Structures are given as structure tokens and as C-alpha cells.
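Note that these values count all heavy atoms, side chains included, but never hydrogens, waters or copies made by symmetry. What you see is a predicted model, and the numbers here were worked out from it, not measured in a lab.
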Amino acid sequence: MTEERTLVLGGGGITGIAWQAGVLAGLLENGVNVDKADRVIGTSAGAFVGAILVNGYDMKDYYYELDERRDDNDRATLSSDIYRLWQNAFVVGRDDAQKVGQMLGDIVYTRPSHMDLEERKQAVRQRLGDVEWKDILDITAINARTGDVGVFNSRSDVTLEDAITASGAVPGIWPHIRLNHSDWIDGGMVSPTNAMLAKGAKSIIILAPLADGLGMIPSVYDDAEQLSEQSHVLVIQPDSASEAEIGNNIYNPENIIKVGNAGYRQGLSLAQRIHEEYNEWVD
């Protein structure tokens with residue numbers, strides 16, 4: 001299959017799910033065919049959104065339903081000791097993404113999550129509803145032992161629910177999961193979107209709830225600059241109105257509808273630009 005158009009959906013907690021769903025709803029309502037992408041790459045929050053999109057759900061309905069389906073376990077905060085371990089990984093690992101990923105992976109063994117894995121999977125299931133693996137969907141996660149970024153898809157012999165659980169397994173917050181004889185953590189820990197996986201596509205739209213790189217790890221815009229040497233690339237990150245609704249804690253589910261609506265308005269406002277400059281997503 002020729003990957004003419006690739007949609008990349010990044011990490012960003014439950015607010016990142018709502019914001020991306022809103023942006024996609026606004027784009028779709030104005031004739032931007034993000035639902036016709038040849039490939040969708042989902043990381044963490046983006047894994048949820050990608051699964052919903054490729055299954056043909058109404059994206060605006062989804063973030064309203066997400067608010068109704070939210071679980072008590074959706075709320076999380078990062079403790080000071082875990083935050084220091086994160087900081088240390090980025091200081092020691094510097095620009096070596098694999099080393100950073102490996103050190104972050106170590107956290108699940110030294111400071112394991114207090115949440116039971118089955119409890120977490122129930123929360124994931126509640127967010128997803130009735131979805132199926134689709135061939136165009138790739139979901140990222142990081143191997144906790146090696147620090148390598150892995151990709152799960154419909155041919156990976158894992159369930160969609162398990163792949164998404166892996167992609168969102170933030171070390172120190174959510175429990176890691178063992179799949180195919182390896183332990184996996186959140187796919188967004190060393191890259192906000194893993195956009196470089198889209199290399200080779202003719203046109204790429206990247207939704208990045210978190211656009212900045214961590215430590216010396218490249219930002220979304222660094223990745224986009226490299227990709228633009230071969231591809232037509234658009235990066236969409238929260239505008240000021242969306243940022244105001246998201247607030248300081250991306251794991252706080254209290255403001256989901258307002259975040260989704262801010263994303264929706266942003267999608268509506270972006271649609272005309274895409275019609276004019278990225279018309280390959282309109283045909």
C-alpha cells in the first residue's frame with residue numbers, strides 16, 4: 001500500500017485525547033479527510049484517538065462520551081520522586097533516546113505503579129468502547145528493558161486493548177504490561193509523537209498535544225523539519241485557547257468537554273488553510 005497520507009497522533013494524557021478528538025471533528029466537518037489517511041500512527045493518547053477514528057466513530061460524540069465514561073483512575077499526578085527519576089533519565093541520557101527510554105523503563109521495576117493492571121485495562125476498555133484492529137493503525141510503545149520504540153498493529157498477535165494499554169503505560173503512574181515476552185511502557189516518553197515513523201509518506205499531518213522535546217530529545221518541530229525534506233508536513237499543536245482549557249495537568253479529566261470544544265474550534269479555524277495548502281487531504 002502506498003502511504004500517500006499519514007496522520008500522526010501524539011501523547012498528552014486524557015486532555016490530549018479530548019483535544020485531538022475535537023481538532024479532528026472540526027477538520028472532518030469542514031471537508032478535511034483525516035479519516036481517509038493511508039496510515040495512522042498513534043502514541044499514548046493518540047493511540048486511543050487513532051483507534052476511535054479508524055473505526056469510523058464521530059469524533060465530537062467521542063469526547064462527549066469520554067466525559068461520561070471517565071473512570072476514577074483517569075485522574076493522576078506525578079509524584080516528586082518519580083519526577084526526579086524522569087529528570088535524571090533525560091540528564092544522563094541526553095540526546096540518546098534509547099538510553100533515556102531504558103532508564104525510564106527501569107522505573108517500572110524500582111517504583112512500580114500501585115494500580116493493578118486489570119484495573120487499568122478496565123479503564124482503557126471503558127475509554128475505547130467497541131473497537132477493532134484496523135490494518136492502517138500503528139500503535140507505539142517503548143520496550144522497558146531496551147528503550148527501543150516498538151510498533152504494534154493488527155499483525156502483532158496482541159489485542160488492540162493491550163497495545164493501547166502499553167502505549168499509555170506512563171512509568172510511575174500506570175502499570176506496564178508484558179506482551180510478546182517483553183515489558184512495555186508509554187510510547188511518548190522519548191518522543192511526543194514518534195513522527196519519524198511516518199518517514200516516506202508524501203503528506204503528513206501531526207497532531208501534537210505536547211510539541212516540545214524533553215531534555216535534548218528532538219521536538220515535534222525538529223522531526224517535522226527532517227520529514228519536510230521528503231514530505232509535505234503540517235504540525236498542529238494546541239493554540240492559546242486550547243492550552244488555557246488543558247491547564248497544568250494533562251491527566252486531569254475534569255475539563256474534557258471544554259478541552260474537546262476548544263480543539264473543535266481550532267480544527268474549524270485550521271480547515272481553510274488545509275484546503276488551500278494541503279489539498280491532498282481534501283480530494
Side-chain angles (χ1 to χ4, degrees), residues 10-19 43-48 70-124 127 139-150 162-179 182-194 208-220 243 246-256:
I14 194 165
T15 57
I17 297 175
W19 175 76
T43 290
S44 196
F48 286 92
R70 59 183 174 156
D71 190 276
D72 289 341
N73 295 318
D74 285 328
R75 181 189 296 278
T77 55
L78 189 65
S79 67
S80 58
D81 62 325
I82 296 297
Y83 181 67
R84 284 192 294 270
L85 291 173
W86 284 22
Q87 284 184 312
N88 186 60
F90 287 103
V91 169
V92 174
R94 295 175 62 81
D95 60 350
D96 184 342
Q98 184 179 0
K99 177 65 174 177
V100 173
Q102 189 177 46
M103 293 184 69
L104 292 168
D106 287 343
I107 295 172
V108 304
Y109 305 114
T110 60
R111 298 285 196 284
S113 170
H114 296 299
M115 180 181 289
D116 179 74
L117 177 59
E118 289 306 314
E119 188 178 357
R120 176 59 181 164
K121 288 174 68 173
Q122 173 58 34
V124 169
R127 282 187 192 178
I139 291 174
T140 70
I142 296 171
N143 186 306
R145 290 290 188 189
T146 68
D148 292 317
V149 176
D162 282 351
I164 293 175
T165 300
S167 191
V170 182
I173 296 181
W174 312 125
H176 68 283
I177 185 171
R178 189 165 184 81
L179 302 172
S182 295
D183 294 328
W184 299 92
I185 63 169
D186 191 296
M189 295 307 298
V190 297
S191 171
T193 64
N194 291 297
L210 304 171
D212 295 334
L214 297 171
M216 297 180 68
I217 302 299
S219 70
V220 172
E243 284 183 340
I246 291 168
N248 296 323
N249 182 6
I250 62 173
Y251 305 115
N252 183 354
E254 294 299 327
N255 217 22
I256 289 174

Can you list everything that forms a side-chain contact (heavy atoms from CB on, under 4.5 Å) with Asp95? Sequence neighbours excluded, please.
Met216
Rounded at 0.5 Å granularity, tell me how far CD in Glu119 sits from CH2 in Trp174.
9.5 Å
Contact list for residues 76-108, test ring pair (Phe, Tyr, Trp, His ring centres under 6.0 Å), sequence neighbours left out:
none
I need the Met189 CE to Leu104 CG distance, nearest 0.5 Å.
4.5 Å
How would you list, by chain and number, every residue that makes a side-chain contact (heavy atoms from CB on, under 4.5 Å) with Ile256, sequence neighbours excluded?
Ile14, Ala18, Leu66, Asp67, Arg70, Pro253
Donor-acceptor pair, Thr15 side chain versus Ile250 backbone, under 3.5 Å?
yes
Looking only at heavy atoms, what is the nearest atom pair of Gly93 and Met103, with distance?
N-SD, 4.4 Å
Shortest non-hydrogen contact between Gly13 and Ala45, atoms and distance
O-CB, 3.4 Å
Distance (rounded to the nearest 0.5 Å) between Asp162 CG and Ile177 CD1
4.0 Å
Looking only at heavy atoms, the pair that brings Ser219 and Ala211 closest together is CB-O, 3.4 Å
Excluding sequence neighbours, so at least two apart, what forms side-chain hydrogen bond (donor to acceptor under 3.5 Å, both in side chains) with Thr43?
Thr140, Asn194
Sole residue of Pro112, Pro171, Ser113 in side-chain contact (heavy atoms from CB on, under 4.5 Å) with Ile107
Pro171
What distance do Arg127 atom CZ and Ile17 atom CD1 have between them, rounded to the nearest 0.5 Å?
4.0 Å
Around atom CZ of Arg94, are there more than 12 heavy atoms of other residues, nucleotides or ligands at under 6.0 Å?
no
Contact summary for Ser44 and Ser167, nearest pair of heavy atoms:
N-OG, 2.7 Å
Say you draw a straight line from CH2 of Trp19 to CG of Leu210; how long is it, rounded to the nearest 0.5 Å?
9.5 Å
What one should report as the nearest heavy-atom pair of Pro175 and Ala169 is O-CB, 3.4 Å
Taking side-chain hydrogen bond (donor to acceptor under 3.5 Å, both in side chains) as the cut-off, I'd like each qualifying pair that reaches into residues 97-110, sequence neighbours left out, listed once.
Gln98-Asp148, Tyr109-Arg145, Tyr109-Asp183
With sequence neighbours excluded, what pairs up with Glu243 under the salt bridge (charged side-chain N to carboxylate O under 4.0 Å, His left out) test?
none
Out of curiosity, Gln122 CD to Asp116 CG, how far, rounded to the nearest 0.5 Å?
11.5 Å
Any sub-3.5 Å donor-acceptor pair from Trp184's side-chain atoms to Leu179's backbone N or O?
yes
Heavy-atom closest contact (Ile139 atom, Ala47 atom, distance)
CG2-CB, 3.9 Å
